[in-house]
Chemist: 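Quick one: the structure is below, and I'll ask about it shortly.
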Amino acid sequence: MIIAIDGPAGVGKSTVAKQLATRLHYRYVDTGSLYRAIAWKVLRAGVNPSDHTAITALLASTRISLTPDPEAPCVRVDDNDVTHEIRTAEVSHMASVVSAIPAVREWLLPVQRVLGAEGHVIVEGRDIGTCVFPAASVKLFLDADSEVRAARRQRELVTAGASVPLDRTQQDMDARDERDRTRLLSPLQPAPDAVVIDTSALSLDQVMDKLMAVISSKR
Ligand code: DC
């Protein structure tokens with residue numbers, strides 16, 4: 001069984017996806033971390049993301065691996081463990097930029113499909129139900145108001161020790177969402193058969209209850 005969880009930034013996908021994977025004893029694949037890994041390499045190599053020839057050449061010499069463990073997801077690019085470094089604001093921005101490049105999406109498609117191939121997996125992203133696993137058994141799309149998402153993201157940043165003003169967090173997130181929703185290839189949108197859940201007014205426990213109810217009804 002493949003469970004796809006899509007939705008915009010800051011909606012709380014990772015928190016619920018990890019909890020679900022732990023509860024169901026499933027593997028957990030955060031596809032955003034793969035886009036972040038490429039962004040990390042682009043930044044480190046100093047490649048201009050509008051130079052698609054250079055991006056294609058960079059991809060040809062790139063290896064990415066991900067440990068699909070919800071308790072300790074680990075991302076490696078070539079020989080570097082980038083698990084923590086890919087969480088900066090700079091990498092978030094670049095991940096959204098490189099994710100609009102067709103060569104990047106094409107390169108990551110088989111990587112994601114291999115990671116999900118064995119089943120018993122929760123796959124989180126933007127286009128999992130529409131493009132990566134269109135035949136997933138369960139498709140969930142989480143959404144929430146922009147203010148609520150910015151506040152959630154802000155709490156995560158503060159917990160991680162960063163001090164960024166809330167309005168800046170919201171601006172960055174809104175810009176990223178706009179880019180993710182309007183790109184030509186696999187834009188962020190619910191699959192026609194996805195269950196859409198607005199989490200704006202729900203606690204984490206309430207979201208988990210709703211998701212478990214949907215999953216149970218499909219098993
Ligand atoms: O989920 P995240 O914030 O870590 O994702 C980082 C960026 O990667 C996001 O701005 C859009 C892109 N992304 C994507 O285009 N498709 C996916 N399946 C996952 C992420």
Side-chain angles (χ1 to χ4, degrees), residues 2-18 20-21 28-43 49 55 59 62 64 66 68 70 73-75 77 82-116 121-134 136 139-144 146 149-150 152-157 160 162 164 169-191 194 199:
I2 294 178
I3 300 175
I5 305 187
D6 290 304
V11 77
K13 295 187 300 291
S14 301
T15 308
V16 296
K18 282 186 206 164
L20 281 176
Y28 164 63
V29 173
D30 168 15
T31 61
S33 69
L34 304 173
Y35 287 91
R36 287 172 179 271
I38 292 176
W40 177 89
K41 185 155 177 183
V42 167
L43 285 164
I55 294 283
L59 289 171
T62 300
I64 292 184
L66 183 150
C74 169
V75 188
V77 181
V82 297
T83 310
H84 300 293
E85 285 176 49
I86 59 173
R87 297 292 153 193
T88 63
E90 193 188 15
V91 173
S92 297
H93 170 79
M94 185 58 87
S96 178
V97 171
V98 298
S99 72
I101 302 172
V104 170
R105 302 204 75 82
E106 273 160 33
W107 192 88
L108 276 179
L109 198 55
V111 175
Q112 296 169 88
R113 288 191 173 149
V114 166
L115 282 165
V121 65
I122 311 257
V123 189
E124 171 201 332
R126 301 290 189 288
D127 63 339
I128 307 308
T130 51
C131 173
V132 181
F133 290 112
K139 296 183 188 178
L140 302 159
F141 190 94
L142 301 185
D143 213 345
S146 156
R149 291 188 288 113
R152 286 179 186 161
R153 179 48 53 90
Q154 183 73 3
R155 271 199 297 278
E156 279 172 16
L157 290 171
V164 187
T169 303
Q170 180 152 6
Q171 274 166 23
D172 287 354
M173 221 185 56
D174 287 348
R176 197 144 72 88
D177 274 355
E178 180 65 13
R179 209 177 300 112
D180 295 345
R181 285 184 206 273
T182 56
R183 66 172 176 240
L184 289 176
L185 214 56
S186 307
L188 168 66
Q189 60 181 26
T199 71

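Bear in mind that the values here come from a model prediction, so they are computed numbers and not experimental data. Indexing begins at 1, ligand by ligand and atom by atom, following the structure's order.
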Chemist: May I ask you to identify, for His93, whether its side chain, its backbone, both or neither come under 4.0 Å of ligand 1 on a heavy-atom basis?
Modeler: neither
Chemist: What atoms in ligand 1 come closer than 4.0 Å to a heavy atom of Gly125?
Modeler: 18 (N), 19 (C)
Chemist: Hey, is Arg36 touching ligand 1 through its side chain, its backbone, both or neither, going by heavy atoms under 4.0 Å?
Modeler: side chain
Chemist: Considering both backbone and side-chain atoms of Arg183, is one of its nitrogen or oxygen atoms within less than 3.5 Å of a nitrogen or oxygen in ligand 1?
Modeler: yes
Chemist: Closest by any non-hydrogen atom to atom 9 (C) of ligand 1: pick that one out of Arg181, Glu124, Met173, Arg126.
Modeler: Arg126
Chemist: Side chain of Lys13, backbone of Asp30: donor and acceptor closer than 3.5 Å?
Modeler: no
Chemist: Side chains of Glu124 and Ser14: do they bring a donor and an acceptor to under 3.5 Å?
Modeler: yes
Chemist: When you check the side-chain N and O atoms of Arg183 and Ser99, is any donor under 3.5 Å from an acceptor?
Modeler: yes
Chemist: For ligand 1, is any non-hydrogen atom under 4.0 Å from Ser99's backbone (N, CA, C, O), its side chain (CB onward), both, or neither?
Modeler: side chain
Chemist: Start with the C-alpha gap between Asp172 and Arg153, add the side-chain angles, then the distance that decides, and say whether salt bridge (Lys or Arg N to Asp or Glu O under 4.0 Å) holds.
Modeler: CA-CA 11 Å; Asp172 287 354; Arg153 179 48 53 90; over 6 Å; no
Chemist: Which residues pass the side chain to side chain donor-acceptor pair (under 3.5 Å) test with Arg105, not counting sequence neighbours?
Modeler: Tyr35, Asp127
Chemist: Counting heavy atoms only, which part of Arg176 comes closer than 4.0 Å to ligand 1: side chain, backbone, both or neither?
Modeler: side chain
Chemist: Among all protein non-hydrogen atoms, which one is nearest to atom 18 (N) of ligand 1, and what is the separation to 0.1 Å?
Modeler: Asp127 OD1, 2.8 Å
Chemist: What protein heavy atom sits nearest atom 19 (C) of ligand 1, and how far off is it?
Modeler: Thr31 OG1, 3.4 Å
Chemist: Taking side chain to side chain donor-acceptor pair (under 3.5 Å) as the test, write out the residues that go with Glu178, two or more places apart.
Modeler: none
Chemist: Let me know which of Ile2, Leu20, Val16 forms a side-chain contact (heavy atoms from CB on, under 4.5 Å) with Ile122.
Modeler: Leu20
Chemist: From the options Pro8, Ser146, Ser96, select the one residue that forms a side-chain contact (heavy atoms from CB on, under 4.5 Å) with Asp177.
Modeler: Pro8
Chemist: Checking the N or O distance criterion of under 3.5 Å, is ligand 1 in contact with Arg105?
Modeler: yes
Chemist: What protein heavy atom sits nearest atom 8 (O) of ligand 1, and how far off is it?
Modeler: Tyr35 CB, 3.4 Å
Chemist: Nearest 0.5 Å please: distance from the OG1 atom of Thr31 over to the CZ atom of Arg36.
Modeler: 11.0 Å
Chemist: Going by heavy-atom distance to atom 11 (C) of ligand 1, choose the closest among Leu185, Asp177, Asp180.
Modeler: Asp180
Chemist: Taking 4.0 angstrom as the limit and counting only heavy atoms of Ala95, give me the atoms of ligand 1 inside it, by number and element.
Modeler: 6 (C), 7 (C)
